[in-house]
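Before any comments, here is the structure.
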Amino acid sequence: MIRFEKVSKQYQEGTTAIKSLNMVIKEGEFFVIIGPSGCGKTTLLKMINRLIELSDGTIFVYDKKISEYDIHELRWNMGYVLQQIALFPHMTIEENIAIVPELRKWDDQKIRLRIDELMEMVGLPPAKYRGRKPKELSGGQQQRIGVIRALAADPDILLMDEPFSALDPISREKLQDDIIDLQRRINKTIVFVTHDMQEAIKLGDRICIMNDGEIVQVGTPKEIIESPINDFVRDFVGMHAVSAKEDVQLENIIDQIRTSHTTSSPSFTIPASSFLREALMMLTEHEQLSVEKEGQIIGTITRKTALKYMADSLQERGPNNG
Ligand code: ADP
C-alpha cells in the first residue's frame with residue numbers, strides 16, 4: 001500500500017536524515033515507527049504526505065508515485081495527527097471536524113451524519129459537544145477530536161506523529177484503547193510514530209525500529225522481543241518494553257523464566273523480590289542472573305528466558321496485543 005524504494009533525505013545543511021530506505025507498509029496494518037530522538041521518524045512520516053520533499057528514491061501509494069498525485073488528492077486521502085493538535089480556537093468542534101469534508105464539497109447532511117458518527121465513536125456525545133469551542137474541552141478530549149478530524153473525510157491512511165505523548169498517562173491509555181478499537185472497526189492503514197516502546201508494543205501489528213536514518217529491524221512485537229536482531233534492538237526493547245502491568249516480581253514467575261542451561265560465565269545475584277524490569281536492565285550487562293531468596297538461589301535467568309516470558313505474555317493478549 002505504501003512502498004519506499006531507496007528513499008533518502010538530506011537537509012540543506014547537510015544532515016542525512018534518511019539513508020536509502022526500502023520498506024513496505026501493508027494495507028490495513030497498524031505500523032509503528034520507533035527509535036531514539038533524531039533518528040528520522042518524523043522526516044519519514046512527513047515524506048509520505050509530501051510535507052517534506054524526498055532527496056532521492058520514490059514512495060508509492062497504491063502503486064502510484066506520490067509525486068504523480070495531485071497534492072490535494074494525496075493529502076485528503078491521508079489523515080494527519082500531530083502531538084499538539086491545533087484545533088482552530090475560534091471554530092466550534094463541529095466546524096473543526098468539517099474542514100476537510102467541506103473542502104471536498106460533501107453535502108451538509110452527509111457531513112452532519114459523519115460528525116455524529118465520529119463523535120459517538122470516541123465517546124463524545126455530539127448533542128453535548130458539537131457546539132463547544134476547543135478550550136471548553138480537556139486536553140484528552142481535544143486530542144480525540146484531532147484524531148476524528150483526521151478521519152473525517154474517510155481517508156485510507158492515517159499518519160500519526162507522537163499523537164498521545166503530550167497527554168497525562170490516563171488520557172493516553174484511554175486514547176490508545178480508542179485507537180485500537182477504531183482500527184478494528186474501520187480498518188485504516190495507520191503509520192504511527194512514537195518513542196515509547198510500550199506504546200509500540202501495545203498498538204503495532206508491526207514495529208519498525210530505526211536508528212540514525214536507517215531501519216534496524218521490522219517485525220511483529222513478538223518477533224522484536226523474542227528475536228532482536230542486534231544489541232541495539234535488544235537494549236532498546238529490554239529497557240523500555242515492560243509495561244507496568246507486566247512488571248512482576250521475579251519470585252512470582254521464576255518457574256517460567258528459569259533456565260535449564262546455565263553457563264560457566266560469572267553469574268550476578270539479584271533478589272527474588274526485584275521486578276522484571278530491573279532484571280532486564282541488569283541483563284543488558286550480565287549474561288545471566290542468579291535469583292536469590294532467603295539466602296538460597298531459586299533459579300538462574302538469562303536475557304533470553306526473560307524476553308521469552310514477555311513475548312509469551314504478549315501472545316496471550318491476542319493478535320492486536322490489546
Ligand atoms: P525524529 O523524528 O526521529 O526525532 P527527525 O526526522 O525529526 O527525527 O530528524 C532527523 C534528523 O534530521 C535530525 O538529525 C534532525 O536534526 C534533522 N532535521 C530534521 N528537520 C530538519 C530541518 N528542517 N533542517 C535540517 N535538519 C533537520
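Only heavy atoms go into these numbers, but all of them, side chains included; no hydrogens, no water, no symmetry mates. Just follow the structure's listing: the first ligand is 1, and inside any ligand the first atom is 1. Numbers here simply count residues along the sequence, with the first being 1.
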- prompt: Will you find, in the side chains of Asp156 and Tyr62, an N or O donor that is under 3.5 Å from an N or O acceptor?
  reply: yes
query: Taking the six-membered ring of Phe31 as reference, does the NZ or CZ atom of Lys26 fall below 6.0 Å from its centre and within a 45° cone about the axis?
result: no
task: For atom 24 (N) of ligand 1, decide whether some protein heavy-atom distance is shorter than 4.0 Å.
output: yes
message: Which residue and atom name correspond to the protein heavy atom nearest atom 8 (O) of ligand 1, and how close is it?
response: Gly40 N, 3.1 Å
message: Please tell me whether Tyr11 and Thr43 have a donor and an acceptor in their side chains that are separated by less than 3.5 angstrom.
response: yes
query: Where is the nearest protein heavy atom to atom 10 (C) of ligand 1: which residue, which atom, and how far?
result: Gly38 O, 3.4 Å
Residue pair Arg75 / Asn49, side-chain donor-acceptor N/O under 3.5 Å: no
- request: Using a strict 4.0 Å cut-off to heavy atoms of Lys41, name the atoms of ligand 1 that fall inside it.
  value: 1 (P), 2 (O), 3 (O), 4 (O), 6 (O), 8 (O)
- prompt: How many angstroms lie between atom CZ of Arg50 and atom CD1 of Ile52, to the nearest 0.5 angstrom?
  reply: 13.5 Å
Gap separating the CE atom of Met197 from the CD1 atom of Ile207, nearest 0.5 angstrom: 4.0 Å
- request: Provide, to 0.1 Å, the distance between atom 18 (N) of ligand 1 and the closest protein heavy atom, together with that atom's residue and name.
  value: Tyr11 CE1, 3.3 Å
- request: Ignoring hydrogens, tell whether any protein atom lies closer than 4.0 Å to atom 15 (C) of ligand 1; use the non-hydrogen atoms only.
  value: no
- request: Considering only non-hydrogen protein atoms, determine which one is nearest to atom 9 (O) of ligand 1 and report residue, atom name and distance to 0.1 Å.
  value: Thr43 OG1, 3.9 Å
message: Below 4.0 Å, non-hydrogen atoms only: which portion of Gln12 touches ligand 1? Side chain, backbone, both or neither.
response: neither
- request: Specify side chain, backbone, both or neither for Thr42, according to which of its non-hydrogen atoms lie closer than 4.0 Å to ligand 1.
  value: both
task: Identify whether the distance between the nearest side-chain nitrogen and carboxylate oxygen of Lys202 and Asp177 falls below 4.0 Å.
output: yes
field: Ligand-residue contact atoms, ligand 1 with Ser37, heavy atoms, under 4.0 Å
entry: 4 (O)
Atoms of ligand 1, numbered as shown, that sit under 4.0 Å from any heavy atom of Thr15: 12 (O), 14 (O), 17 (C)
query: With a distance cut-off below 6.0 Å to the six-membered ring centre and an angular limit of 45° from the axis, does Arg172 pair with Phe164 as a cation-pi contact?
result: no
- prompt: Is the closest N or O pair between Ala17 and ligand 1 shorter than 3.5 Å?
  reply: no
query: Are Gly35 and ligand 1 in contact, using a heavy-atom cut-off of under 4.0 Å?
result: no
message: Aromatic contact between Phe30 and Phe192, with the criterion being ring centroids under 6.0 Å apart: yes or no?
response: yes
